[in-house]
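Following: one structure in structure tokens, then a few remarks.
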Amino acid sequence: MDNRREKKLTFITIGLIFLLSGVEYAVILPTIWSYLQTLDAAPYFLGLVLSAFSLSGLLSGPLFGHWSDRTRSTKKIILFANIFEIVGNFMYLMGYSKWLLLSSRLVAGIGAGVSSSIFGFLTRSTAPEDRATVFAAFMACRQAGLVIGPAFNIFLRLCDFHMGPFVINKYTAPGLFMCLLWILLQFVVVFLTVDLPPLEKGKARNNLTRNNREKENGVVEDEEESDEEGKPLIVSQELMGSYGSVLSALDSGKYISILFVLEFLREEVIVLLAAQFVTFFNQTALETMVTPLTQKYFNFGELENSVMYFLGGVVVITGFLFVRWLSRHVTERVILAIGLCMCNVSCVWCLVFLANPLGGFSWQLTEFIIGVFLQILGLPFVSVAQVSLFSKITAEKTQGFSQGIRRSVGGLATILGPLWAGGLTENMYVMMGMMMVLLALLTMMLVYSYNRLVEPAVQEHMDNLENLN
């Protein structure tokens, strides 16, 4: 099997992993509260169960990422992580108690942490100038899962049979369904996935430099001029020396805390981690707020909410596809700025029109649609840009661990977002005001650090530091 075919099949498998992660969320979420009610769970227990999945993923992400950095073997990590998904979903269908249900989501969340290894793998096996395009495609796969997931509930809700000692009904069927899908995926990973070798840094770097110069200037420069501009900028020898020594120490397992400070407390890294946190915090807060809001003002039922989520998923997928195209023409920092502008406009709109809706039913519905549309449309821009930029401004040799840290920051946001919004559904000014404050702070950080998010210069600097090891 030639390398191109191996890469294509491996990427198809990764796309299926992201697709199933979206399907799992969309299949389980609609019925999980009713499932808990049959087990005599209090309302607060729903928040615990949903947060358990994010919590275990938050903790396992850096571990899986570090494992992939050390071994450069992503295939066996995926196979290992999927075992947790299989076991977790099997525990979900057992349905003996609310605590078993909580444990099932905790176990399944461990498997979800493998995305940090996958992003590290994608960083090493794709050219920097193609990274935003590739990341956008895989993120769109997850959104596609969120869109098609509710369709599976049409037949899952009809299940009513016994499987040995277990009762399979509309509440437990999603666990059985996802358990079988993750088992099938194991065979796909075994037979179609390979650990692709990393790209040659020199060739990739020259391509990135030329590509980004063309994007920034809008003109195509000749090869000789591009090579000249691709040379590294002046770098502090003192910093290079100290960082290089720390990278050497990393191989012996020492001074990891010093490396953490030098790697993750840099200005541009903090900006992108802040973008990750604010994006996921606002997204999950919005998801938590939307259903009570539609019930209160529009009397939406299960069908109307399902249609709303479906249309929202279509908008998000369209946004990812547009970002995939746009990334070929402009740099990631421009995409990030565009996305933040959309999110700011949306948050202001929601604060003005949705916190205390005015007018009749039609006008209120129009206000709601515009606000939500702008919010979810800005999501793909910010998500893709910050993931792609983060992969370029952090060291490639520790990319899996770095992506794990980034995922953990997002996981923390997905825990705090629903908790914040869930307790303030009757005080929308406070809830949306916090979202606006976070966005304004992130926007100021981006404006201040915009010139540091220049991919060629930053990555060339990182390569020089790594070469000292």
Side-chain angles (χ1 to χ4, degrees), residues 17-18 20-29 31-33 35-36 39 41-68 77-78 80-92 94 97-120 142 145-146 174-175 178-179 182 260 264 273-274 276-289 383 387 400-423 434 438:
I17 294 173
F18 281 95
L20 288 193
S21 68
V23 170
E24 180 176 358
Y25 183 87
V27 164
I28 287 179
L29 189 64
T31 59
I32 191 169
W33 171 231
Y35 190 4
L36 284 169
L39 301 173
Y44 73 88
F45 212 81
L46 175 62
L48 290 180
V49 173
L50 296 178
S51 298
F53 186 86
S54 298
L55 178 63
S56 55
L58 180 154
L59 298 175
S60 66
L63 297 179
F64 281 133
H66 181 64
W67 184 7
S68 67
I77 297 175
I78 293 175
F80 178 73
N82 283 351
I83 293 175
F84 290 96
E85 289 279 10
I86 294 169
V87 172
N89 280 286
F90 185 80
M91 292 169 62
Y92 188 88
M94 295 170 69
S97 73
K98 61 183 180 181
W99 295 106
L100 182 61
L101 200 63
L102 174 66
S103 300
S104 73
R105 300 312 294 156
L106 198 66
V107 172
I110 296 175
V114 77
S115 63
S116 59
S117 297
I118 293 175
F119 277 116
R142 185 179 188 278
L146 292 173
M178 291 311 306
C179 182
W182 286 113
F260 185 90
F264 298 109
L273 289 178
Q276 171 83 350
F277 180 87
V278 173
T279 300
F280 279 89
F281 181 91
N282 285 2
Q283 178 191 356
T284 53
L286 181 69
E287 289 174 352
T288 305
M289 170 268 293
S383 298
V387 174
F401 179 74
S402 298
Q403 292 292 342
I405 294 295
R406 182 193 61 79
R407 191 188 186 284
S408 293
V409 171
L412 180 62
T414 60
I415 294 173
L416 297 179
L419 293 177
W420 174 259
M434 174 58 74
L438 290 175

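None of the values given here were measured: they were computed from a predicted structure.
Closest heavy-atom contact between N89 and M178: OD1-CB, 3.4 Å. Between S116 and G61, the closest heavy-atom pair is OG-O, 2.6 Å. Listed here is the closest heavy atom pair of L63 and L59: CG-O, 3.7 Å.
Of the possible polar contacts, none joining the S104 side chain to the M91 backbone as a donor-acceptor pair under 3.5 Å is found. Judged by distance alone, the side chain of Y35 and the main-chain N or O of Y92 form a donor-acceptor pair under 3.5 Å. Q276 contributes a side-chain N or O that, together with a main-chain N or O of R406, makes up a donor-acceptor pair within less than 3.5 Å. Side-chain N or O atoms of T279 include none that pairs as donor or acceptor with a backbone N or O of S383 at under 3.5 Å. Not a single donor-acceptor pair under 3.5 Å links the side chain of S51 to the backbone N or O of L48.
Take Q283 and apply the side chain to side chain contact (heavy atoms under 4.5 Å, CB included) test, not counting sequence neighbours, and it matches F280, E287, L379. Under the rule for a salt bridge (charged side-chain N to carboxylate O under 4.0 Å, His left out), E85 has no partner lying at least two apart in sequence or in another chain. Not counting sequence neighbours, the partners of R105 by the salt bridge (charged side-chain N to carboxylate O under 4.0 Å, His left out) test are E24.
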* Asked: Given the rule in the side-chain contact (heavy atoms from CB on, under 4.5 Å) test, do L412 and L416 qualify, once you have shown the distances and angles that lead to the verdict?
  -> CA-CA 6 Å; L412 180 62; L416 297 179; 4.0 Å; yes
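The aromatic rings of F281 and F277 sit parallel to each other, their planes meeting at less than 30°, with 60° as the upper class boundary.
In this structure, R407 fails the cation-pi test against F119, since its NZ or CZ atom is not both closer than 6.0 Å to the six-membered ring centre and inside 45 degrees of the ring normal.
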